[in-house]
Structure formats: C-alpha cells, structure tokens
A.B. asks: 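Structure in structure tokens, see below.
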Amino acid sequence: MGEISTNSNMDRWTCPNDRQLALRAKLGTGWSVHTNKLASFQRTDHLSMEEQEHIMNVIAKADYLEQVEQERIGRLVEKLENMKKNAMGNGNTQCILCGDEFGLLGANPTRCDDCKNAVCTKCGIDTYNWQKQQLWLCKICSENREVWKRSGAWFFKGIPKYVLPEKKSDHVKFTDQKGQGYSRGSQRGRPVAARPYQGTWGSGRGSIADSNEQESSESSDDEICSMGKHRIGRQGDSESDNISITSSTSGQYYSGHVTKESRSSITSSNYHGGHISATESSRGDEFHDDSDSESATEFSRQGSTRSNKEIPEPIKIKETPDADIDDAFTKYGRNTVNGEDTFDNSPPSSPDSDTSSLGALEFSILYDSVNNALHCTVVRARSLKAMDSNGLSDPYVKLHLLPGASKSNKLRTKTIHKTLNPDWNETLTYYGITEDDMLRKTLRLAVLDEDAFGYDFIGETRVPLKRLKAHQTKHFNVFLEKQLPTEKDDDLLSNDRGKLLLGLRYSTSKQALLVNIIRCANLAACDSNGYSDPYVKLYLKPDRDKKSKFKTAVKKKTLNPEYNEEFIYEIKHNELAKKTLEITVWDRDIGKSNDFVGGVQLGINAKGERLKHWFDTLKNPDHKFERWHILAAELIPEVK
Amino acid sequence: MASANDSKWQKDAADQNFDYMFKLLIIGNSSVGKTSFLFRYADDSFTSAFVSTVGIDFKVKTVFRQDKRVKLQIWDTAGQERYRTITTAYYRGAMGFILMYDVTNEESFNAVMDWCTQIKTYSWDNAQVVLVGNKCDLEDERVVSTERGKQLADQLGLEFFETSAKENINVKAVFERLVDIICDKMSESLDSDPTLINSQTKGTRLTENANTQQGGCQC
C-alpha cells in the first residue's frame, strides 16, 4: 500500500469517489453532507476491512502475550505471597522470616532497609543499590523488589494486572481498604486481581488494546454503567435464561475506586448496536474531541472470556450515543412505514402542555426539487430544559430523516455550551432527496445535551416532509416533545441490507451444531451493475485459532442468492452456549476489498429473533429451526 | 497469517525464560524505516520495498543484557496520520521509545519535535526515548547532518544514534542501549524511592497479608 494522502488537514474535504457516490445514489434514504461544516468530513479515511482485520490480528496476538504475561506476574506475586505467609517471626525480637529469637546466644538482629523489620543474617540478603551503596534486605523485601522489577511495576508504579495460578481458585474474593475488588470466577475459575494503575500495555486514551481487554463481565458491567437503561434490560434477558453459564464476577471500575459487582453472563458477546466498527472513528459525527475514547469502544470485540482486565479509564467505556438514537429512529421509521405516524394528528406547531417545559425550537426547512436538496436551517432554541448540574445545558440539534437508520442521513449542528437559549443559525442539507422521499419521509429534529460521557435527550420534534412545498421556505417555531418511547421489542435493525434464511440444529448424536445457510433475499446492491456477488461467512466465536471460519460459495450477480450449504461445528452443547455465531454476508469484489453487505449474530447476548432462534436451537437439540434474520448494516465482523 | 508464523510467534510469546519484559515502541514519520529497522533487528532481514504498516504490529525478541534476560515486545507503528488514534493508544504501555527520522528526509527530522510532544502527551512519564537517524547508508542523499541530529538530541535530552537498517549499522546498538537505559532506570527508581514499593502496595493483597502476618511492620 502506498502513501495515500489522506485528509489529515482539518479543513479540507474531498469529494467521495465515484463508486461511493454511485452507492450513495442507491441508498433509498438519500445521503447528506454538512454544507457549512464540511470540516466534519475530515475523517474520511476509513479503515478498510483488511486493515481492520490486520489490526485485530495484531491485537489478538498482543492479547495472547498479555495473558501469558499476566500469568507470569501472577506466579511472581504468588511466590511472594507464599513467602509472606510463611514468615514466622514478629520482626522485632524474632527474625521476621525464620522466627529465630534474637538475644545473647542467638543471631544478631539486623534491620531490613526496606521494611525495617529485624532479620537474622541467614534470612537477609546483602546487596547493593544502583549507586553501589550497601543494602541489607530481608528476603521478602528483596523478593518484593524483584517482583517489582520483573512485573514492570517499577515502571507503572504499581503491580500490573495479574492472574494467579490455577490451584488457588478457591480464594475468597476480598476487597481492600480502597475498595478495589479482587474478582474471582473468571471463566477459568482463577482469582484475578488488578491494581488501579493505568499503565497496562495499550492502555491510555482509548486504546484498542485495552478496550478489547475489557472482556466478559467487566465490560458488560461497565457498559451497563455507561449505558444505563438500555443495556440493563438486555443483560437481564440473557441471564433469565436457563443456560447456566452465568457466574458471579466482579468487575473493577476505577472511577473513584468503586467496585461494581453484578451477575453477568460469562460470554462476552458485547456487540452493541453495531458500534464495534473500526471505521466508526472516521465519523465526525458526535464526538469530535473524543475520537480516542470512541475508538476504544469501537475496537472492543468479542474475545476471550476472562475477566482479568482492568479498565484504566472509565471514560472510555462510553457507548456511542448514536446507537440509541438510531434505535429510536429506526423504531420510528418502522412505525411510519406501518402507518402509525402519529404526528399528523399533532401538528408540530401546537405546544404540548406536558412537555412545554422542554423548550422551543425555531427552524426552517426548504426543499429544492431541482437539486434534490433539503435544507434545514436550525435557528435557535429557547428556554431549554436544564440537563446539567450547573442549571444549564450544552445543546445541539441532531437531524434525522425517517425512516432509515443509516448514518448517512444524520446531521447535527455544533454544540453551544452552557446555555438554555442557544443560537445555532446553521443550515444542514440533505442531498439526493427525491420528491418521492418528500412524500413519505419525516424529518426529526432532536435537541440533545452534550455531556462528557455521552448526551442527554432534551426534546424532539418531527416534520412530515409532505407538508412542505418545493422552493418555499417554511418556518417553524415549535415546542419540543418528549422522546418517543422505544418499545421493548428489540429488533431495531432496518431492512435495507437484506435478510438471511438460516437453519440451525444441534445434533446430539454428532455433538455438533449444524448451520444451514439457505438463502438470502433483498440484499443490498454493492456493485455498480446494481447487484452483488454475495457469499456468506460464518464464525463461531470466541475462537482463537480461527478454526470456526467457514465460507459459502460466491453467487454471482444476484441479490437473492440461494446457497443451501451446511456447516458443522463440532462442539459440546454446554460449550456452544458460550459461543456466538456470527454470520456475515459479503460482496465479492475482484481486485478490491470485498464489501460488507450485512451481518447477524446469534448468541446469548443477541436480541429478539436472533436470541430466540439461538435459544430454540440450544433448548431443542435435534430439531431444526429455520428463521429469517434481518442483516444489520453496521455489524463489523470481528476478527480474532 | 501463516500457521507456521503463528506457531513460531506463539512459541516466542509463551517463552517464559526471561527476567524482565520491556515494551518498546518505534515511532516516527511514515517511510523513515521503522518497520525495516525492526525486521533487521528481530529477523535480520531487509527489503527495500516499501510497504506501509497498517496501524500497529509487534515482534518479540529476547536479549541478554547485564546478566538478565530481557524479553522485548517491540511495537512497530504506522507513521501515517490516519492511524494516529490507534498508535497513540499504545504509547501508554511503552517503557522505551525509538524515535526515528530519515537522514535523507528533512521533513521527518523536522517532525521529531512533534513526535516528542506525542510521547509526552501519551506515554507514561518515565518512558525512555532514543533518537535515531535512519538510512545513514545513503550518504549521497543525506540532508540532515549528524551534527544537527546530535544537537537536537542534546536539546531534547535524548541519546542519539545514526543507523542503517539496510546495512545493519547500529541497529542492535540502539536496542541494547535502550534496554540498558531502561534497566538503569529500573534500578534507580526502586532504590531512589524504596518507599514507593511499600506505600504503593499498601492496600493490595501483598501487604494486606504482610500487615496481618507481620504485625509489627512499620512500613
């Protein structure tokens, strides 16, 4: 790969290439560009699938090394602990180690230079420090120094995370005075300890390494913390099932030394709303300043099931707020499609008495049918509800064209900090909006309060575009409404990537999961001929050595390929419950990277149909279950 | 990844026959020769074909220095800006940095200050840095003199080497020097502040045990 001159310059924006434009043109939802804020497009340098895969491979390798290292440190720590346990004396009248009494007839007491305890000559070590001064250390302190050197603690100013050797698995979990929990019951049943030092390899401001280190229960804990409402429900779902692979673990959460404990499932399928994508870092969408921390979440991937990793900086466990908005939007999108559009009944201009306290939003919309452009000028908001403790908010407006969940139809204004009466005066423009779109689409304007850890929802309003007349600017000054409640139903994916008919059966005689890729339908077209050359990839995760990877044949030039291919995973039933089946559909391209069409994940952390399908399969061995699954557009398959 | 490679690297990774583990990071502008430098050191191979590093990569090598076996995990980073979020994430764990420029490329030399700032921003504060001017075999194309390199290194308080991955000049020396510096730093940090160990471990299970068992411990 040569030096691609990517846009490192903040204020340049390159037009997407023809291929991208061609693809965008096919998007039913249209696509959009900030007209007055092209800077947000600075990060067009997506990582390609190959690059992501490569990086993930490296991370997996590093992970492995890290694990081995943690075990090594664990052994060092254990040895030291044993020494301390075996210390017999009181360190004053007796040798701290062997317990020999000092006195007239006994040995000469010497004080250890580090711990100041009395040590006999047999149990002490005569050594030198780096300035060649003599140093007298008891064996424990000497060993302690050695541990500090060998573990790297000297560098990070604290013992790094470690995993104690297996035999000690019955250690009780205990909490020290600072309140850090030592967690027991990682999947291997090993005690796991970590200190709040932040110098693990790859930690720091949002590293891919440690975000992928946040595994298993810890990550779910923390994500729950940061996500709040949405995740807990999901977590609950997965626990409520009979598959008894949950275990009590404690995750360390280093915000003010709070130990969070929760029951959580041991499998670490932390796929949340598709925001695991590495390409996400290229979105200038939501967190311009926090690209690092964002990348942390992005790279978090399903991986091993050990919970021995700490989270160096709690801020990193931020879920991209878009996920929720997406959810809400998609949900709404489906409602409108189903003819449940309630907004015709309540004109946006009529204040809702319940919600008038949320504030008012002034904006105007102009549809330019010649250029197929929809301009929305967000003028100002007044008397917004205060969301922050300082009695103010940091409001911005997010636009979304419904129905549709694609990122390409989201726009946002800049954030005006610390005000309840923001003036934006920003024009955001959607391109490629056809008259047909104008008839069936709705523009949603959501006022959000930007937070360091995400956002708060203040209020929203929606304008069915069919109210607009072309080339006539329509002004609105409306009271904001509450967020439309998202239903419990969790199938929040839009159907624009196509769907997949999947047959699953667990065969008890073969001790294997039989995965039948039957067909796909209505796949998104990825090639300029309006078709794709789709093939399906399967992966049973977590799986370190990638043995679980399978591929179907490539079906040429079709959006409705039929495969009827069966794949066999030989796996014990109880093992299977801990796995996640990831199925992705790809468009085979020759000479360039294959395009990701869509994907679906089945596992105990899945939701809705996917979860049900998975459970049905697990609970009813030797029964074949065939279900259609809607492909998610944003699922980036994770590479181990 | 080839499975042969896999098994070799797994063996490297699993090798527990060492005393210390140091994590090193090679940074510098794109195409200054970071990857070549690492390949020369770790595999003793060289190719002049330029393949831009994707994000990050690392190699593991164990060296014997000062009577100790030191396992090095050497991270090779992409110089390209587009990977910056990924690469900077790895600064935090690095004990040592090899900051590299290309003696035939003025721009890469001018960027050294920026890289230093990156280190200061993202790394652990006692990380050790060595400045390296690579491609010193290309005397004809040289635009950055040794003196200027040395001067800048002095100014930044760094040790300085000119190297050639191609001709295998000073490659090993750089790593060995960096390992030595880190080793020195290690002894120094423990000895100069022995209270660090005790005060820091207080509250962990290490001294929790110690406290209960040793009773009269004053530390």
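Chain letters run A, B, ... following the sequence lines, proteins first and then strands; every chain starts at 1.
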A.B. asks: Which one of A:Arg75, A:Glu50, A:Arg72 has the most heavy-atom pairs closer than 4.5 Å to chain B?
C.D. replies: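 Highest number of heavy-atom pairs under 4.5 Å: A:Arg72.
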A.B. asks: With a 4.5 angstrom heavy-atom cut-off, could you sort out which part of B:Lys185 is near chain A: side chain, backbone, both or neither?
C.D. replies: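 Answer is both: backbone and side chain atoms of B:Lys185 are under 4.5 Å from chain A.
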A.B. asks: Kindly write out the residues that satisfy salt bridge (Lys or Arg N to Asp or Glu O under 4.0 Å) with A:Glu146, not counting sequence neighbours, or none if the list is empty.
C.D. replies: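 Salt bridge (Lys or Arg N to Asp or Glu O under 4.0 Å) list for A:Glu146, sorted by chain: A:Arg150.
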A.B. asks: Compare every heavy atom of A:His54 with every heavy atom of B:Val54, then report the nearest pair and how far apart it is.
C.D. replies: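 Looking at all heavy atoms of both residues, the closest pair is O-CD2, 3.5 Å.
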A.B. asks: Please examine the side chains of A:Lys157 and B:Asn126, heavy atoms only from C-beta on, and report whether any two atoms are closer than 4.5 Å.
C.D. replies: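 In contact.
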A.B. asks: First locate atom CD of A:Gln52, then atom CD1 of B:Ile86, and finally report the distance between them rounded to the nearest 0.5 Å.
C.D. replies: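 It is 9.0 Å, given to the nearest 0.5 Å.
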A.B. asks: Given side chain to side chain contact (heavy atoms under 4.5 Å, CB included), test A:Leu65 with B:Met21 step by step and report yes or no.
C.D. replies: CA-CA 11 Å; A:Leu65 197 69; B:Met21 171 131 159; 3.9 Å; yes
A.B. asks: Please give me the minimum heavy-atom distance between B:Ile56 and A:Ile59, naming the atom from each residue.
C.D. replies: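 Looking at all heavy atoms of both residues, the shortest contact is CD1-CG1, 4.4 Å.
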A.B. asks: Could you check whether atom CD of B:Glu107 has more than 12 heavy atoms from other residues, nucleotides or ligands sitting under 6.0 Å from it?
C.D. replies: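 Result for CD/B:Glu107: open.
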A.B. asks: Drop me the distance from B:Asp19's CG to A:Lys149's NZ, to the nearest 0.5 angstrom.
C.D. replies: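 The distance works out to 10.0 Å.
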A.B. asks: Find the distance between CD (A:Glu69) and NZ (B:Lys71) and round it off to the nearest 0.5 Å.
C.D. replies: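 Output value for this atom pair is 7.0 Å.
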A.B. asks: What are the two closest heavy atoms between A:Phe156 and B:Gly93, and how far apart are they?
C.D. replies: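 Heavy atoms only, the tightest pair is CZ-O, 3.6 Å.
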A.B. asks: Atom OH in B:Tyr20, atom CZ in A:Phe155: separation rounded to 0.5 Å?
C.D. replies: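 Between atom OH of B:Tyr20 and atom CZ of A:Phe155 there are 15.5 Å.
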A.B. asks: What I want to find out is whether B:Arg82 reaches A:Glu51 closely enough, with some N-O distance under 4.0 Å, to be called a salt bridge.
C.D. replies: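 A salt bridge links B:Arg82 with A:Glu51.
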